[in-house]
Amino acid sequence: MDFSHDEIEKRNLIEEYLLGRLSEEEETALEEHLLQCESCRDKCLQTEQVINALKSSQAADKTFQTPSAAKRHIGWLAISLRIAAVFVLVAGIAILYNKTKDHPGEIALQTNPVMVDTLNKTGDDTIKQNAPKESRYETSSQARTAEAKNENRDITARVKDEWIAAAYRPSPVFEQAIGNAVRGKALKVIAPADSAVFSNNTTVVFNWENPEDKKMALLVRKNTGKSVFKQVVLPPYALDVEDPGLYYWQLLEGDQVVHTGKFLVNQ
Amino acid sequence: MQQVDYISDFVSALSRGKYPPEKPILEHMGIVIRQWCRKHKYEITWFSLDGKIGDENALYHKIYRQLVDDIISKVVKIGSYADYKKHVVFIAEGLMREGFLCFNGLLIDGCNSAWKRVEIMLRMYTTVWLNNRGVSFGNSDNVLHHQALITLYEKISQKKLIFADSCELKSYYFRILENKSREEHRKVLKSQRFTDIIPELHDEDLLNGPDERIACVKEQIERLDGMEKQILLAYYVQEKKLAEIAGELQISAENCRVIKHRAMRRLINLFADKKNCNH
């Protein structure tokens with residue numbers, strides 16, 4: 001593979017090379033070209049220096065929220081606002097419904113999704129039991145009730161989906177800790193396997209071998225960082241995990257983290 | 001075919017006792033070795049030659065001399081660019097490991113210049129690490145970074161920790177940083193700064209001497225408009241793809257590419273042309 005000047009310019013290959021985005025073959029071909037082309041070599045050196053200047057500039061240090069960081073903050077805020085909006089909507093429908101109702105013993109809409117689920121299951125029966133007399137007003141009220149019930153199901157499903165998504169959302173801090181390989185440690189982790197999946201209400205067994213024979217603390221946290229278990233234990237150790245979601249677990253020697261792993265518990 | 005001829009010409013010239021011009025090979029060697037270091041996360045500036053903080057150019061000269069000696073004494077047979085690159089990387093890796101061990105020794109002894117080099121690179125990585133967690137570094141006064149660096153300094157100098165290479169040292173630092181970032185530790189973090197231990201030293205004094213062109217470029221970066229700066233920093237510091245940046249900024253990918261290309265072109269031209277430097 002050979003590159004011409006035009007191709008190097010057009011595809012911005014020097015920049016792609018410096019950012020590590022070329023394949024092995026393309027890298028070799030570009031390097032061979034740089035060996036004999038002074039102008040491309042100069043351009044490569046200049047681009048490299050400018051990229052280094054960007055990385056070490058005060059602009060990178062200063063209060064600067066990157067688009068994704070801003071989006072992440074906004075993302076969490078948006079989800080919270082959406083959940084709050086859903087509750088307001090449900091409460092509003094409940095108030096509207098209560099104002100127009102003409103029937104005794106009706107179940108008020110609840111904001112708790114479990115109770116809403118119960119409502120969904122029993123709603124039909126309740127409405128049948130309290131069936132109004134046939135009248136134009138009562139017919140339209142029934143239609144409104146059915147409409148509110150359908151809307152309620154949609155809201156419930158959406159809220160549930162969002163709560164489920166949140167329980168399985170990876171934590172950037174722990175993902176980075178997993179990524180930082182522990183070098184020079186003789187620790188051998190036997191279980192659980194990385195990203196192992198367990199069924200709900202299960203027992204997770206933690207097992208490892210440490211030739212240095214030092215006591216280690218086992219720390220298990222939810223993806224939100226909330227601690228579920230922390231104790232100095234000997235392997236193997238079995239822990240009952242009830243709630244579904246993504247969990248991170250760590251082994252600590254003193255206050256030094258020596259291993260980070262994760263596992264999932266299904267619904 | 002030209003590339004094979006270039007390497008063959010170089011090798012045959014050396015075999016005849018004629019030394020080709022050093023400059024092109026040294027420049028090329030620097031590009032290739034720095035790229036290799038970026039890929040393998042090695043820190044090329046964390047090395048020491050003869051007990052002193054190493055100069056990068058001196059390292060390339062040493063690699064070049066070793067390469068020339070090996071070709072002349074026929075220790076290695078170089079018939080293609082791949083052979084040449086493999087041998088250059090082999091020599092560089094050996095010298096950098098040896099150089100890093102000496103550098104580690106300087107860190108244990110508390111050498112200011114060595115610690116300043118470590119601080120410069122770790123500050124850059126911490127900025128990206130924090131940005132990825134939605135936290136800004138904040139005018140280099142970040143307590144977390146300073147505390148992690150102080151802990152690293154104490155552990156290395158008191159426990160005389162020796163690392164196999166720069167990757168291992170960085171991994172160790174990030175473990176400390178992660179521990180410090182936990183909520184319960186943050187409450188007890190002191191406000192002591194790393195420069196209370198290691199006095200303030202100018203970056204330019206430590207590396208290859210002051211470079212007006214780099215200072216000019218840094219000044220120009222500060223003057224970029226908001227969107228240009230955001231795009232350049234997201235693309236080059238956080239290494240995101242243009243399509244992703246365009247999506248986050250809610251502009252078209254083509255628009256994003258043009259803004260990035262023009263801003264980068266201005267900075268490169270400024271660096272290349274000293275006459276345009278207004279500083």
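As a basis for the values below, the full set of heavy atoms in this structure was taken, side chains included, without hydrogen atoms, waters or symmetry mates. Letters A, B, ... are given to chains in the order of the sequence lines, protein chains preceding strands, and every chain is numbered from 1.
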Exercise for review: Heavy-atom distances under 4.5 Å only: say whether B/Y172 touches chain A with side chain, backbone, both or neither.
Suggested key: side chain
Check your understanding: Tell me, do A/L18 and B/R38 make a side-chain contact under 4.5 Å, heavy atoms counted?
Key -> yes
Check your understanding: Heavy atoms, side chains only, cut-off 4.5 Å: are B/H28 and A/E32 in contact?
Key -> no
Revision key, fill the gap. Rounding to 0.5 Å, atoms CG (A/L54) and CD (B/Q220) come to a distance of 11.0 Å
Practice item. Give, as side chain, backbone, both or neither, the part of B/V32 having an atom under 4.5 angstrom from any heavy atom of chain A. Key: both
Exercise for review: Taking atom types as modelled, find out whether A/E31 and B/Y81 have a side-chain donor-acceptor pair closer than 3.5 angstrom.
Suggested key: yes
Exercise for review: Could you have a look at B/F163, B/Y235, B/F10 and say which one has the most heavy-atom pairs with chain A under 4.5 angstrom?
Suggested key: B/Y235
Exercise for review: Please examine the side chains of B/I25 and A/L35, heavy atoms only from C-beta on, and report whether any two atoms are closer than 4.5 Å.
Suggested key: yes
Revision key, fill the gap. Comparing A/L45, A/D42, A/N52 against chain B, the one with the most heavy-atom pairs below 4.5 Å turns out to be A/L45
Point to revise | Region of B/M264 that comes under 4.5 Å of a non-hydrogen atom in chain A | key: side chain
**Study point:** Exceeds 12 heavy-atom contacts within 6.0 angstrom, atom CZ of A/R21
**Key:** yes
Check your understanding: Above 12 or not: heavy atoms from other molecules or residues under 6.0 Å from CD of B/E22?
Key -> yes
Exercise for review: With rounding to the nearest 0.5 Å, note down the distance linking CD in A/Q36 to CD1 in B/I7.
Suggested key: 9.0 Å
Revision key, fill the gap. Exactly one of A/I51, A/T47, A/V50 clears side chain to side chain contact (heavy atoms under 4.5 Å, CB included) with B/L267, and that residue is A/V50
Practice item. Starting at CH2 of B/W36, measure out to CD of A/E27 and round the result to the nearest 0.5 Å. Key: 13.0 Å
Point to revise | Winner by heavy-atom pair count (cut-off under 4.5 Å) against chain B, out of A/R41, A/E38, A/Q46 | key: A/R41
Revision key, fill the gap. Taking every heavy atom of A/A53 against every heavy atom of B/V217, the minimum-distance pair comes out as CB-CG1, 3.9 Å
Check your understanding: Do the side chain of B/Q35 and the main chain of A/Y17 share a donor and acceptor less than 3.5 angstrom apart?
Key -> yes
Practice item. Measure distances from B/K85 to the heavy atoms of chain A and classify the residue's part below 4.5 Å as side chain, backbone, both or neither. Key: side chain
Study note, to complete from the structure: Of A/N12, A/T28, A/L19, the largest count of non-hydrogen pairs under 4.5 angstrom with chain B goes to A/L19
Point to revise | Heavy-atom proximity to chain A below 4.5 Å, by part of B/R265 | key: side chain
Point to revise | Ionic contact status for B/K260 with A/E15, cut-off 4.0 Å | key: yes
